[in-house]
Enquirer: 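Dropping a structure here in structure tokens format, bear with me for questions.
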Number of protein chains: 2
Amino acid sequence: MRKATIKDVAKHAGVSTATVSYVLNGVEGKVSQETVEKIYKAIKELNYIQNFSAVSLVKKKSRLLGVIIPQTEDCKQLLLENPFYSEMISGIELKAREMGYHIILSGVDKGQSYLDVSVQRDLDGAIIMGIYQERFYEELKNVKIPIVLVDSYIHDKYFYKVGIDDEFGGYLATRHLIRNGHKKIALVTGSIRKDGVVEKRFLGYKKALREAGLFYNPDDVFENSVTYQHGLKIGRFLSETPRNITAVFATADLIALGVIRGMIETGKRVPEDYSVIGFDDIPISRIFIPSLTTIKQDIGDKGAKAAALLIQAIEEKTLSEPTREVLLTLDVIERQTVKNISIKD
Amino acid sequence: MRKATIKDVAKHAGVSTATVSYVLNGVEGKVSQETVEKIYKAIKELNYIQNFSAVSLVKKKSRLLGVIIPQTEDCKQLLLENPFYSEMISGIELKAREMGYHIILSGVDKGQSYLDVSVQRDLDGAIIMGIYQERFYEELKNVKIPIVLVDSYIHDKYFYKVGIDDEFGGYLATRHLIRNGHKKIALVTGSIRKDGVVEKRFLGYKKALREAGLFYNPDDVFENSVTYQHGLKIGRFLSETPRNITAVFATADLIALGVIRGMIETGKRVPEDYSVIGFDDIPISRIFIPSLTTIKQDIGDKGAKAAALLIQAIEEKTLSEPTREVLLTLDVIERQTVKNISIKD
DNA sequence: ATGCTTTGGTTAAACGTTTAACCCATAATC
DNA sequence: GATTATGGGTTAAACGTTTAACCAAAGCAT
């Protein structure tokens, strides 16, 4: 039993395909109520389902959104292992589906450019997570579809953006530590790339120090990758080589967790010996023992906002309009890893 | 500057579109080496990119795979929050892309059936994670595309399957506890649905007990949801209401982590007071303090295998052939949460 | 009666491919 | 020398939609 096409529906209802198409697309004033009902009846009876490939072909719209996420260094995995990304995607998918879109999830190879995919598939828009080489963004622009960048500080009015005020976040975290009496605070972080979120958080860190009249010492920053492993290494290092550091600000929860584990393994206690604050509030942070004090951003909401922004851009064809940017709020979530050391007891 | 179509390429190379199509599709013996080169040159010069919508329309193949994952109860999130799923998806996406496919990721609403999506989009196949109501599977079959079920024990030869030997896994976990001297072992688990993985793990648990001549007590199983919260509740309960239980087998790492936290919060120690073993080996389990002893399955590989199986089914049109099923191996990973209590010290 | 608008349609081209069927040299076979 | 393959193409229909352009009948004002 072949799948029913619009032609079958038309024949069955005794009208032309154009008429059917008009009701499918909800065109006003082209078809009488009576005919509309006949057509719906035919659709039901024939089990008709619209073919999107054909629609895309003529409309040049696919109701498909590209979502691209970074791969790990070795290209063996998507960075989905980072719960941060999964939560975002969850938010994106739900919102997209609610608005009648589907998402194509993809990593991006060094060689093959994403351009191909988006053009091939008539993607209506794309959400890009993470940061890439400049060449990549240029390619993206050539596709001429709306694009929203998540957590990127690329200065280009072409792109829509959603993110948080990372500098403020870094400031908030550091200030929280300072307010708890800490004066010598290490920064453990992923690579501080230009225009990345980490750079901004770093700026916030320095700003908080300055504001509190504290000395910024480059030796206190440990820059490497956004991984548990990096945190682990630094955690051990810190607890084994005596310095007068009392707290650490890790620019990602994953790193913070590593730091804590490193310290505990080498016989220190958190927060008694060291206070630690993270960033992101990924689900594990609540679960971890001790549970992590951190800067919370509503990641799922961020995804939903990104999807909504993108779809709005697509549907209003506001491509040339000034870029809009949405920023989400931030909160410090106090849990168990920060101790107030100004209160003597 | 309009996007180049196959017609432009044909004209530019001085041949018919058919010829171009033949080289695009690598058809043997239809076009001379010389012409092939001319065509490639034209493609390059015009920056031609094939339009998949048109291809799908005529070929009725989209090189698109559906990947569907469960939503949370409240439908507010995809179950992506469970790292288990993200890792699988990562495996699927990578393998699919390697083989020239893209994936459409989607949750599934109660109301709208997935059938629509797959038909509308000419999906070539789908991977289904989690288990659903029976009606859903019937619908799925009607789409008449190859489908692989992950971690499901649905008895229907129509479907391809990938999974693990869950019964053996449950057995392995329980036996590990028994070998470490435990005689009274609680089972903390998500809902034991018929044909679900949990049911099998439960069977393995009972089998190990029986084999060791231990008494199976229904009061020792705590069934609810695959969540951290459930574990937490039971962890507290167990440590606060004296019974002679010395170990718990949690059928998912997430649950195990909750159990541990619940116990620690109420003043007990793991593994000194209670041993705990989990299942899955999600990334957090290594990070957690104490790090979790668990049954490891290679989740990413599972995703890759599922994708490979599906694509093979698609390309060989072996739809009617007997279902093939792939099972992955299991290992017990000894870490810090199981203590041998038969050695007195 | 005439012309204009509105309502409810239809016709047919277009979207960008693929592919079956056809065609024509030239080479091989008997 | 007639026949048959074969290599290297071309033509045109088809895939399932949308949509601009057209049309007929009815309603209405003049």
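Every chain is numbered from 1, with letters handed out A, B, ... down the list of sequences.
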Enquirer: What nucleotide, of C/dG16, C/dT18, D/dT10, holds the atom closest to the side chain of B/T19?
Expert: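 Minimum distance to the B/T19 side chain belongs to D/dT10.
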Enquirer: Where each residue is assigned the nucleotide of DNA chain D containing its nearest heavy atom, which of B/T17 and A/V20 is assigned the position nearer the 5′ end?
Expert: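 Nearest-nucleotide comparison on DNA chain D picks B/T17.
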Enquirer: C/dG9, D/dT17, C/dG16: which one has an atom nearest the side-chain heavy atoms of A/V58?
Expert: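 Nearest nucleotide to the side chain: D/dT17.
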Enquirer: Nearest to the side chain of B/A54, which nucleotide is it out of D/dT11, C/dT19, C/dG16?
Expert: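 For B/A54, the side-chain atoms sit closest to C/dG16.
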Enquirer: How would you label the contact of A/T35 with the nucleic acid (heavy atoms, under 4.0 Å): base, sugar-phosphate, or nothing?
Expert: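 Here A/T35 touches the backbone only, sparing every base.
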Enquirer: Between atom OH in A/Y22 and atom P in D/dA20, what is the gap in whole Å?
Expert: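 Those two atoms, OH and P, are 7 Å apart.
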Enquirer: Which residue lies toward the 5' end of DNA chain C, B/V55 or A/G14, if each is placed at its nearest nucleotide?
Expert: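 The residue closer to the strand's 5' end, by nearest nucleotide, is A/G14.
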Enquirer: Can you tell me if the side-chain N/O atoms of A/S21 get under 4.0 Å from OP1 or OP2 in D/dT18?
Expert: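 For D/dT18, OP1/OP2 do have a side-chain N/O of A/S21 under 4.0 Å.
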Enquirer: B/A18 has a side chain; which of D/dG9, D/dT11, C/dT17 sits nearest to it?
Expert: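 From the listed options, D/dT11 comes nearest.
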Enquirer: Please determine whether a side-chain nitrogen of the Lys or Arg among A/K38 and A/E34 lies less than 4.0 Å from a carboxylate oxygen of the Asp or Glu.
Expert: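 A salt bridge is absent here (no side-chain N lies under 4.0 Å from a carboxylate O).
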Enquirer: Counting any heavy atom closer than 4.0 Å, what does B/V15 reach on the DNA or RNA strands: base, sugar-phosphate only, or nothing?
Expert: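 Sugar-phosphate, backbone atoms only, no base.
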Enquirer: Taking for each residue the nucleotide of DNA chain D bearing the nearest heavy atom, is the 5' side occupied by B/Q33 or by A/L57?
Expert: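 This one resolves to B/Q33.
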Enquirer: How close or far is atom C1' of D/dG16 from atom CG of A/L46, stated in whole angstroms?
Expert: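 In whole Å, D/dG16 C1' and A/L46 CG are 15 Å from each other.
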Enquirer: Please determine whether a side-chain nitrogen or oxygen atom of B/T5 lies at a distance below 4.0 Å from atom OP1 or OP2 of C/dC15.
Expert: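 No, because none of the side-chain N or O atoms of B/T5 sits under 4.0 Å from OP1 or OP2 of C/dC15.
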Enquirer: Rounded to the Å, how far apart are B/Q120 CD and D/dG16 P?
Expert: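 Interatomic distance, CD of B/Q120 to P of D/dG16: 15 Å.
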Enquirer: Does the side chain of B/K60 get closer than 4.0 angstrom to OP1 or OP2 of D/dG16 through an N or O atom?
Expert: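 Looking at the OP1 and OP2 atoms of D/dG16, one of them is under 4.0 Å from a side-chain N or O of B/K60.
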Enquirer: Nearest whole angstrom, please: distance from the P of D/dG16 to the CD1 of A/I49.
Expert: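 Taking atom P of D/dG16 as the reference, CD1 of A/I49 is at 14 Å.
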Enquirer: How many Å lie between CD1 on A/I6 and C1' on D/dT18, as a whole number?
Expert: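 Nearest whole value for this atom pair: 8 Å.
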Enquirer: With a 4.0 Å cut-off on N to O distance, would you call A/K41 and A/E37 a salt bridge?
Expert: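 Judged by the 4.0 Å cut-off on N to carboxylate O distance, A/K41 and A/E37 do not form a salt bridge.
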Enquirer: In whole angstrom, what separates B/K7's NZ from C/dA13's P?
Expert: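 So the two atoms are 13 Å apart, to the nearest Å.
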Enquirer: Tell me if the side-chain of B/K30 makes a donor-acceptor pair with the base of D/dG8, cut-off 3.5 Å, by modelled atom types.
Expert: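 Side chain to base: no pair below 3.5 Å.
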Enquirer: Please determine if a side-chain N or O atom of B/N25 lies less than 4.0 Å away from the OP1 or OP2 oxygen of C/dT18.
Expert: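 Indeed, a polar side-chain atom of B/N25 lies that close.
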Enquirer: Taking the basic N atoms (NZ, or NE/NH1/NH2) and the acidic carboxylate oxygens, is any pair closer than 4.0 Å for A/K3 and A/D8?
Expert: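 A salt bridge is absent here (no side-chain N lies under 4.0 Å from a carboxylate O).
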Enquirer: According to a strict under-4.0 Å criterion, is B/Y48 in side-chain N/O contact with OP1 or OP2 of C/dT17?
Expert: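 Yes.
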Enquirer: Could you state the atom-to-atom distance from NZ of B/K59 to C1' of C/dG16 in whole Å?
Expert: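 From B/K59 NZ to C/dG16 C1': 13 Å.
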Enquirer: Quick one: does NZ or CZ of A/R63 land under 6.0 Å from the six-membered ring centre of A/Y101, within 45 degrees of the ring axis?
Expert: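 So A/R63 does make the cation-pi contact.
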Enquirer: Salt bridge check, B/D156 against B/K141: does any charged N sit closer than 4.0 Å to a carboxylate O?
Expert: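 Looking at B/K141 and B/D156, the cut-off is met.
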Enquirer: Considering all heavy atoms of both residues, which atom of B/Y153 and which atom of B/G196 are nearest to each other, and what is their separation?
Expert: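 In this case the closest contact between B/Y153 and B/G196 is CD1-O, 3.9 Å.
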Enquirer: Roughly, in whole Å, what's the span from CD1 in A/I39 to P in C/dT10?
Expert: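 It works out to 8 Å between those atoms.
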